[in-house]
Each structure stands twice: as C-alpha cells, then as structure tokens.
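Here is the structure we will look at.
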Protein chains: 2
Amino acid sequence: MIFIGELINSSRKSIETAIEAQDVQAIQQVALIQAEAGVDYIDVNAGTFVDKEQEYIKWIVQTVQRVTDKPCAIDSPDPKVIETALAVHQGTAMINSISLEKERFEKLLPIVAGTDLKVIALCMSDEGMPETVDDRLKIADKLVNGLLQNNVKVENVFVDPLVQPLSVNNNFGMEFVLAVEQIMTRFEGIHTVCGLSNISYGLPARKFLNQTFMVMAIARGLDGAIVNPLDKKMMASIIAAEALAGKDDFCMNYLKAYRAELFA
Amino acid sequence: MIFIGELINSSRKSIETAIEAQDVQAIQQVALIQAEAGVDYIDVNAGTFVDKEQEYIKWIVQTVQRVTDKPCAIDSPDPKVIETALAVHQGTAMINSISLEKERFEKLLPIVAGTDLKVIALCMSDEGMPETVDDRLKIADKLVNGLLQNNVKVENVFVDPLVQPLSVNNNFGMEFVLAVEQIMTRFEGIHTVCGLSNISYGLPARKFLNQTFMVMAIARGLDGAIVNPLDKKMMASIIAAEALAGKDDFCMNYLKAYRAELFA
C-alpha cells in the first residue's frame, strides 16, 4: 500500500491556525508524526486560503522538508499553486491532482509531461462526477492515455476513481470498487488511490464504514490510500487486508503491526 | 446474508457438557439467543461423541425445535447422523455438508435428491483439500452439477469453497475469495457460505483478521456465513459490508444495527 498522509490540510482548524500564524513547529510536528507512522507522501493543502494559497503552499513545503525527506503530495486544483510548490520541492513530488476538467487538464499536463512526478488522476470531467463503473472508465481511459502519450510512466499514475456517498445511491460502493478492479486490470503497473471518507457521507458510524469500505476496495485491488496514518483502526484494517490479499510476504507487516499493538 | 449460527457444537466445552447432561435448558438458551440475534439456521453438531452422535443429534434437534421455529443446519459428515436428524426435524433443514468425497457424496446424494432441503456443498474431494481457485472450481462444478442433475434446485445449494490458512500460503486468502466470485458468477442463483476462522490459523489477532476476511469475501460476492451471531464486531462488519455491497436497500439494516448500538 502506498500511503499518503492527509493531516496537513487547511480545512482542519488546527492546521489553518498554524498556517496563518506561520507556526513552523506545529506543521513540522504533524509532518514528522506522519512520517514516523510510515506514510510514503505527505499531502500539503492550503486550499482554504483563496488569495494566499500560493504563498502558503510554498511555505508549507519548505517547512515540511526541513524535517523529513518524505516527498509531498501537492494538493490543489490550481496549476499555479502546484508550480509554485514544485519550484521549491526537493525530490520527486506527487501532484494531487489532475482531472479531465478541460482547463485543469490542459494547464497541468505540460507540468507533468516527460517528468518523473507522481500524479493522481482524478476521475472528474466538465460533465460532472461519475456514477457508474463505465462513467469512471471513460474518464480514466482519456486521462491515463493523455498522460502516457505525454511521456508519463504508467507506474507514476495514481487513478482516483472518485468515491460517491452510499447514502445517495446503494450501488455507489460497488461502482467504485469495480472501477478500481477494471482500472488495475486495464493498465498494467498503474496504481489506484482514494480518499474514501465520502462513502459514508450522511450515514452514522462513519469511521467504521470507512474502514470496511477500504477493506473492500483492497479486495478489488486498490493499492494507494489517502489516510490519517494515526487512525489505528484504519491502519490495522489496511494492514490486515493487504496480508489477506497476498501482498504481505510471510505476513511480516501484519506481525510487525501486531507487535506494535495496532490490533489491541 | 444468510446467517448460520454456529454455537451449538459439541467441540465447545459448555455445549459438550450440556449434551452429556441432557441439559434441555442450556441448549434451548443457546438456540434462543441465536434466533434472537437473527440467524436463519441453527447449526447443530454432536461430532465429538463418536458412538452417541446419532442419539444426541436427534435429541438436540428436538430440544432446539421446541423453542424456536428456525430450521437447523444438521452438521455432520455422517449420512446416518443426518438421516436420523432429518427424521425428527420439522420444516426444511439444511445439511452441513455434502462433499465430493466418494462415500460421503454417494450416501448423501439420495437423501437430498428431489427434496427442498438446503445443502452445503463443501469443496473437498478424496484427493484432499483444494488450494487454488481452479482446484475449488473443479470440485464445485462436479458437486453442483451432481446436485442439479438430481433435482436439487440451484437456490438450495450453498457452496463452501473451503478456507485454508493464510499462514501456510500468502495466496490462500485471495484463492478463496476469487473462487467465491467465480462460483457466484458461474451458477446463477447459487449461494456461497463459509466458516472462515481457519484463515487466521497460526496468526495473532485472529478475530480481527477473521472480520477483515469476511468483508473481503463479501466484496467478492459471499452471501452466507457460519458465524457466532453474538460476536458484535463480526456482525457489524457483515452488516456494513453488505450495505457497501449494495445489498441493503436504503441502508435500512445498517441504520437498524446502528440504533441497536452494534457499532458502538
């Protein structure tokens, strides 16, 4: 599993406050704690600051990278913000995200073309949000082929098939996980990723439902997750599911997690 | 999900004691508590009593059926035991189980042929236990076709693809769940079922691993489970997974379980 730690996001009150106060220590602490929890990428998002998003994302990237060598996932729909962050980022960043929305696609494509950047390809277009497996595959095909034709390696592409709430439609869970399976089959070596909390929108016991959905997605091939790495139950679910999916040789990660009392 | 309550099994010490003492109340209490927890079938097993299995299974069926109208799942590899239980059973029982082992198959087939009995078809043959998806499908094909040719309706067949321990082979989880998917696709209207605790044999945190595996099997189509219906975490996992799998209209069961504090 490729883990993207989601905690440095200005939609979280404590992060928004830390960014506004330019509180280096607060941001670095959240970066470090996620790195120690084993994330592969540290998501950085200053999206709530409409006018200052560029300035702040640059500061966050620099602040984070002074204490950890984990790469950042630059989280913004705005190509200018992404370029600003990339200009100061050390190592190979992830872009979160490109989509098939015309303007976003056209402006971000030249930024990733021919590079080794990792890129999340969000299944969204100007026609709106996908509902069915087919909706997702149509968008994924165009997005992925667009990236491949521009010399992005397939293994650097992370398709996010876009989770929709189960409370809106009973089939939205399966439409998502079946899309994961199809995408993983169709493009050999590609990755799939998602932030899945949207699945439980409007329902109670959301954390439990989110964990259960993560396990189902892993059963269908999901290999990337945007998560809170401090959420023990979620991490335990992922580690157990990966072992059961045959992706953990000799159950070594599972046993290590057990010894670290993750299942306690 | 079709639930088979597993608690009346003489391999459990308290049940063995109750059977030996012919303790009517003790057995009836375990039957009632499972019926109240919503099982569809009450498994009855006196397998540890080699010489008295026939006598005891008859007593258990009669004892259980005096307090609940839930049908029993007659749990024995011995056709004589099954016949004895069926002779006193009211309503339509489930047989747990027929297999492709020659003697067991030949003696049990006439008992279920042309009846409305439910029957668990265990993917085991005289050549031993299946390991791969293909192993399981070969056995399932012969078993299911044998039953269908003898006028057993497809919707009365519950294939158990047989769970093998993950600790023995990293692939044993996926080989099982992929077999579930193939069987559900190949025979329209059939059911799949399993007692899945064998998956975690030899590993720590078994209950959590079992729950996670159940969710993965549901993501691949499993629609029957032999479970302890008093295991809140397992029941919560099943109910959440079924909602996510689109099998719970308007998430009614999920919401009901939430109100009953199953996710607490």
Side-chain angles (χ1 to χ4, degrees), chain A residues 163 165-178 180-181 196 199-200 202-222 232-233 236-252 254-259 261-264, chain B residues 163 165-178 180-181 196 199-200 202-222 232-233 236-252 254-259 261-264:
Chain A
V163 173
L166 187 67
S167 58
V168 173
N169 183 321
N170 273 359
N171 296 320
F172 277 176
M174 283 312 281
E175 296 290 342
F176 175 87
V177 299
L178 293 174
V180 165
E181 184 172 24
L196 49 62
I199 191 70
S200 60
L203 289 169
R206 291 191 66 174
K207 285 186 77 170
F208 186 76
L209 202 60
N210 294 347
Q211 290 156 27
T212 306
F213 190 57
M214 178 64 88
V215 170
M216 295 177 78
I218 292 171
R220 293 282 180 176
L222 187 84
K232 269 179 72 167
K233 288 278 180 195
S237 293
I238 292 173
I239 288 167
E242 289 231 291
L244 290 163
K247 291 180 173 177
D248 179 10
D249 288 346
F250 306 106
C251 301
M252 296 288 277
Y254 180 78
L255 294 169
K256 192 176 145 200
Y258 173 72
R259 286 191 297 267
E261 301 190 337
L262 201 66
F263 305 111
Chain B
V163 173
L166 188 66
S167 56
V168 174
N169 184 320
N170 272 0
N171 296 319
F172 278 176
M174 284 311 281
E175 296 290 343
F176 176 86
V177 299
L178 293 174
V180 165
E181 182 173 25
L196 49 62
I199 192 70
S200 59
L203 290 169
R206 291 191 66 174
K207 285 186 77 170
F208 186 75
L209 202 59
N210 294 347
Q211 290 156 27
T212 306
F213 190 56
M214 178 65 89
V215 170
M216 294 176 80
I218 292 169
R220 292 283 181 175
L222 188 84
K232 268 179 73 168
K233 289 276 181 196
S237 292
I238 292 173
I239 288 166
E242 289 232 291
L244 290 162
K247 291 181 173 176
D248 179 9
D249 289 347
F250 306 106
C251 302
M252 295 288 276
Y254 180 79
L255 294 169
K256 192 176 145 198
Y258 173 73
R259 285 191 296 268
E261 300 190 339
L262 202 66
F263 305 112

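In what follows, every chain begins at residue 1, and chains take the letters A, B, ... in the order their sequences are listed. All values below come from the heavy atoms of this structure, side chains included, with hydrogens, waters and symmetry mates left out.
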Q. Is it the backbone or the side chain of B:V215 that comes under 4.5 Å from a heavy atom of chain A, or both, or neither?
A. both

**Q.** chain A contact via B:A236 - side chain, backbone, both or neither, heavy atoms under 4.5 Å
**A.** both

Q) How far does CG of B:N169 sit from CZ of A:F250, to the nearest 0.5 angstrom? A) 10.0 Å

**Q.** chain A contact via B:D248 - which portion, at a heavy-atom distance below 4.5 Å
**A.** backbone

Q: Calculate, to the nearest 0.5 Å, the distance between atoms CD and CG belonging to A:E181 and A:L178 respectively.
A: 6.5 Å

(Q) So which residue, A:A264, A:A240, A:S200, A:G173, ends up with the most heavy-atom pairs under 4.5 Å with chain B? (A) A:A240

Q: Against chain B, work out which of A:A241, A:A257, A:G246 has the most heavy-atom pairs shorter than 4.5 Å and name it.
A: A:A241

Q) Quick one: what part of B:Y254 sits under 4.5 Å from any heavy atom of chain A, side chain, backbone, both or neither? A) side chain

Q) Which one, B:L209, B:I218, B:V177, leads in non-hydrogen pairs under 4.5 Å with chain A? A) B:L209

Q: Could you tell me which residues satisfy side-chain contact (heavy atoms from CB on, under 4.5 Å) with B:K256, sequence neighbours excluded, listed by chain and number?
A: B:R259

Q | For the student: nearest non-hydrogen atoms of A:M174 and B:A245, plus distance | A | CG-O, 3.4 Å

Q. What's the spacing between B:I238 CD1 and A:T212 OG1 if we round to 0.5 Å?
A. 11.0 Å

Q | Crowding at CZ, A:F208 (>12 non-hydrogen neighbours, <6.0 Å) | A | yes

Q. How many angstroms lie between atom CE of A:M252 and atom CD1 of A:I239, to the nearest 0.5 angstrom?
A. 13.5 Å

Q) At a heavy-atom separation under 4.5 Å, does B:Y258 approach chain A through its side chain, its backbone, both, or neither? A) side chain

**Q.** Per-residue contact mode, A:L255 against chain B (heavy atom under 4.5 angstrom)
**A.** side chain

Q.
Please classify the contact between B:I199 and chain A as side chain, backbone, both or neither, with a heavy-atom cut-off of under 4.5 Å.
A. side chain

Q: Give, as side chain, backbone, both or neither, the part of B:A243 having an atom under 4.5 angstrom from any heavy atom of chain A.
A: both

Q | Structural part of B:L203 lying under 4.5 Å from a heavy atom of chain A | A | side chain

Q) Which value, rounded to the nearest 0.5 Å, describes the distance between B:N170 atom CG and A:L244 atom CG? A) 10.0 Å

Q | Contact class of B:E175 relative to chain A, heavy atoms under 4.5 angstrom | A | neither

Q.
Within the structure provided, determine whether A:M216 and A:L222 are in side-chain contact (heavy-atom separation under 4.5 Å).
A. no

